[in-house]
Amino acid sequence: MTFSFSAPTALEYFDSLVKSDDQFPLLEAAAALAQDEYPELDVQQVLGDIDQLLARLKRRLPADAAPLARLRALNQFFFHDLSFGGNVNDYYDPDNSYLNAVLRTRRGIPISLAVLWMELAQGLGLQARGVAFPGHFMIKVTLPKGQVVIDPFNGKSLSREELSERLEPYKRSNGLVGDFDIPLGLYLQPAEPREIIARMLRNLKEVHRAQEDWQRVIAVQDRLVALLPEAWAEHRDRGLAHAAQGHTALAVRDLETYLRHADDALDIDAVAEQAAALRRARS
């Protein structure tokens with residue numbers, strides 16, 4: 001008897017990682033995002049490279065180091081010795097979202113840098129969580145004497161006043177002032193791993209959509225639909241990308257899925273009209 005085994009596709013592998021919220025493998029899922037761009041990427045090698053960084057860092061610290069000492073050592077190692085930081089010269093380079101590339105270049109965007117930093121922090125026993133702060137991902141570390149909010153773009157600790165100042169443009173543009181103001185603490189709630197991966201994918205979507213690179217948009221949307229199967233707007237966006245690529249049948253399928261589930265959406269008439277036009281084009 002002969003057996004044949006086929007390796008899972010990159011999307012199937014990603015789908016298997018994000019099926020359940022129980023022990024969601026944030027680092028592995030984040031590293032796997034690069035497989036669309038780097039098909040030969042060995043995700044386990046990326047994880048091993050991060051383990052090696054953690055081992056180097058641990059050798060610098062006594063086993064009984066206090067949490068604040070561990071935090072300071074991590075920031076020194078990550079931001080100064082290894083020179084990780086934000087890619088100010090090419091912020092919208094897709095490589096800024098791929099952990100294998102960030103490890104190679106030491107440059108990224110806040111959320112990719114945060115994922116790497118948090119993995120090291122957790123390896124040191126620090127209580128670190130990501131924060132889906134509007135417009136700029138942050139890290140929150142809980143210490144015995146309070147919390148520290150860190151900007152992963154540069155390693156700077158931010159005061160409440162600085163955080164409030166950063167929020168002002170967002171609040172004004174969304175009418176969250178006066179009676180509609182929201183306390184700062186609500187903006188600092190920890191982000192769940194699934195939310196972090198979704199934000200990373202949506203960053204990539206916006207980069208590719210701005211370049212009208214619809215094939216890459218579709219690849220990102222495939223992952224978003226796997227990650228958030230009931231986020232119906234992601235089905236719509238994949239359908240629109242398929243339409244732009246001339247994949248009429250696939251576009252109609254996704255747009256019809258959106259129309260079945262998003263009956264109170266503001267764009268329902270426009271999407272229905274586009275779906276009808278695509279169906280007519282097929283006939």
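Numbers for residues simply follow the sequence, beginning at 1. Small disclaimer: the values here were computed from a predicted structure and weren't measured.
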Open item on the list: So, taking the atom named CG in N100 and the one named CG in D95, what distance separates them when rounded to the nearest 0.5 Å?
Closed with: 7.0 Å
Open item on the list: Whether the side chain of S112 engages the backbone of G108 through a donor-acceptor N/O pair (distance < 3.5 Å, no angle test) should be reported.
Closed with: no
- [ ] Take atom CZ of R104 as the centre, draw a 6.0 Å sphere, and report whether it contains more than 12 heavy atoms from other residues, nucleotides or ligands.
- [x] yes
Task: Shortest non-hydrogen contact from A275 toward L259 - done: CB-CD1, 4.1 Å
Task: Expected output: side-chain E12 to main-chain T9 donor-acceptor under 3.5 Å - done: yes
TODO: Starting at CZ of F77, measure out to CG of L82 and round the result to the nearest 0.5 Å.
DONE: 4.0 Å
Open item on the list: Donor-acceptor pair, distance only, cut-off 3.5 Å: does the side chain of K140 make one with the backbone of L188?
Closed with: yes
- [ ] Write down the atom of I268, the atom of A262, and the distance for their closest heavy-atom approach.
- [x] CD1-O, 3.0 Å
Task: Any L224 side-chain heavy atom under 4.5 Å of R238 side chain - done: no
Task: Check: H242 and T248 side chains under 4.5 Å, non-hydrogen atoms - done: no
- [ ] Nearest 0.5 Å please: distance from the CG atom of L120 over to the CZ atom of R70.
- [x] 14.0 Å
TODO: Look at the side chain of D15 and the backbone N and O of L11, then say whether any donor-acceptor pair between them is shorter than 3.5 Å.
DONE: no
- [ ] Considering non-hydrogen atoms only, spot the tightest contact between L61 and A69 and give its length.
- [x] CD2-O, 4.1 Å
Task: salt_bridge(R236, E256) N-O dist < 4.0 Å - done: no
- [ ] Please answer: with hydrophobic residues joined when any side-chain heavy atoms are less than 4.5 Å apart, are M200 and V217 in the same cluster?
- [x] no
- [ ] Please check if the side chain of D267 supplies one atom and the backbone of A270 the other of a donor-acceptor pair under 3.5 Å.
- [x] no
- [ ] Work out which heavy atom in G123 is nearest to a heavy atom in K58; give both atom names and the distance.
- [x] O-CE, 3.1 Å
- [ ] Decide if atom CZ of R160 counts as having more than 12 heavy atoms of other residues, nucleotides or ligands within a radius under 6.0 Å.
- [x] no
- [ ] Taking atom OH of Y92 as the centre, report whether more than 12 heavy atoms of other residues, nucleotides or ligands fall under 6.0 Å from it.
- [x] no
Open item on the list: Are more than 12 heavy atoms, taken from residues, nucleotides or ligands other than E273, located less than 6.0 Å from that residue's CD atom?
Closed with: no
TODO: Check whether any side-chain heavy atom of P183 sits under 4.5 Å from a side-chain heavy atom of L186, and report yes or no.
DONE: yes
Open item on the list: Looking only at the side chains, is there a donor atom on one of H136 and D151 sitting less than 3.5 Å from an acceptor on the other?
Closed with: yes
Open item on the list: Side chains of P94 and L204, heavy atoms from C-beta outward: is any pair under 4.5 Å?
Closed with: yes
Task: Interatomic distance, Q274 atom CD to D269 atom CG [nearest 0.5 angstrom] - done: 13.0 Å
Open item on the list: Could you see if I150 belongs to whatever hydrophobic cluster contains L57? Use Ile, Leu, Val, Met, Phe, Trp, Tyr and a side-chain cutoff under 4.5 Å.
Closed with: yes
Open item on the list: For G185, is there any backbone N or O sitting under 3.5 Å from a side-chain donor or acceptor partner on Q189?
Closed with: yes
TODO: Check the pair F84, F79 against ring pair (Phe, Tyr, Trp, His ring centres under 6.0 Å), reporting the backbone distance first and the verdict last.
DONE: CA-CA 5 Å; F84 278 101; F79 294 107; 8.2 Å; no
Open item on the list: Less than 4.0 angstrom from a charged side-chain N to a carboxylate O is my criterion; do E234 and R202 meet it?
Closed with: yes
Task: Y13 and E28 side chains, donor-acceptor separation under 3.5 Å - done: yes
Open item on the list: Tell me the closest heavy-atom pair linking V43 and A32, and the distance in Å.
Closed with: CG2-CA, 3.9 Å
TODO: Starting from the C-alpha separation in whole Å, work towards a yes-or-no answer on side chain to side chain contact (heavy atoms under 4.5 Å, CB included) for N96 and T105.
DONE: CA-CA 9 Å; N96 293 331; T105 65; 5.7 Å; no
TODO: I would like to know whether L116 and F78 meet side chain to side chain contact (heavy atoms under 4.5 Å, CB included); could you show each step before the answer?
DONE: CA-CA 9 Å; L116 293 174; F78 191 82; 4.1 Å; yes
Task: Audit row: Q221, L201, side chain to side chain contact (heavy atoms under 4.5 Å, CB included) steps and yes/no - done: CA-CA 8 Å; Q221 290 304 128; L201 284 167; over 6 Å; no
- [ ] With the side chain counted from C-beta on, respond yes when I109 and N87 share a heavy-atom pair under 4.5 Å apart, and no when they do not.
- [x] no
TODO: Verify the cluster assignment for M138 and I196: are they in a single hydrophobic cluster under the rule of side-chain heavy atoms below 4.5 Å apart?
DONE: no
Open item on the list: Show the nearest heavy-atom pair for residues A31 and L47, with the distance to one decimal.
Closed with: CB-CD2, 4.5 Å
- [ ] Output yes when D90 and R107 qualify as a salt bridge under the 4.0 Å nitrogen-oxygen rule, no when they do not.
- [x] no
Open item on the list: Within the structure provided, determine whether L103 and L53 are in side-chain contact (heavy-atom separation under 4.5 Å).
Closed with: yes
Task: Side-chain heavy-atom pair P144, P67 within 4.5 angstrom cut-off - done: yes
Open item on the list: Taking the basic N atoms (NZ, or NE/NH1/NH2) and the acidic carboxylate oxygens, is any pair closer than 4.0 Å for E192 and R129?
Closed with: yes
Task: Close side-chain approach of V131 to I139, heavy-atom, < 4.5 Å - done: no
Open item on the list: Would D237 and L240 count as a side chain to side chain contact (heavy atoms under 4.5 Å, CB included) here? Give the steps.
Closed with: CA-CA 5 Å; D237 289 353; L240 295 173; 4.3 Å; yes
- [ ] Answer yes or no: is there an ion pair linking D21 with R194, defined by an N-O contact shorter than 4.0 Å?
- [x] yes
Task: Common cluster, F137/Y187, ILVMFWY with side-chain heavy-atom separation under 4.5 Å - done: no
Task: Short N-O contact, D36 and R216, less than 4.0 angstrom - done: no
TODO: Tell me, yes or no, whether the heavy-atom count around E165 atom CD, taken from other residues, nucleotides or ligands under 6.0 Å, exceeds 12.
DONE: no
Open item on the list: I'd like to know if L158 and I111 are part of one continuous hydrophobic network [Ile/Leu/Val/Met/Phe/Trp/Tyr, side-chain heavy atoms within less than 4.5 Å].
Closed with: no
Open item on the list: Between R56 and D51 (salt bridge meaning N to carboxylate O under 4.0 Å), is one present in this structure?
Closed with: no
TODO: May I have all residue pairs that pass ring-ring contact (aromatic ring centres under 6.0 Å, His included) and include part of residues 255-279, sequence neighbours excluded?
DONE: W232-H261
TODO: Measure from the side-chain N and O atoms of D213 to the backbone N and O of H208, and report whether any donor-acceptor pair falls under 3.5 Å.
DONE: no
TODO: Could you tell me the separation between the CG atom of D49 and the CG atom of L99, rounded to the nearest 0.5 Å?
DONE: 11.0 Å
TODO: Quick one: pull up OG in S97 and CD in E37 and give me the separation to the nearest 0.5 Å.
DONE: 11.0 Å
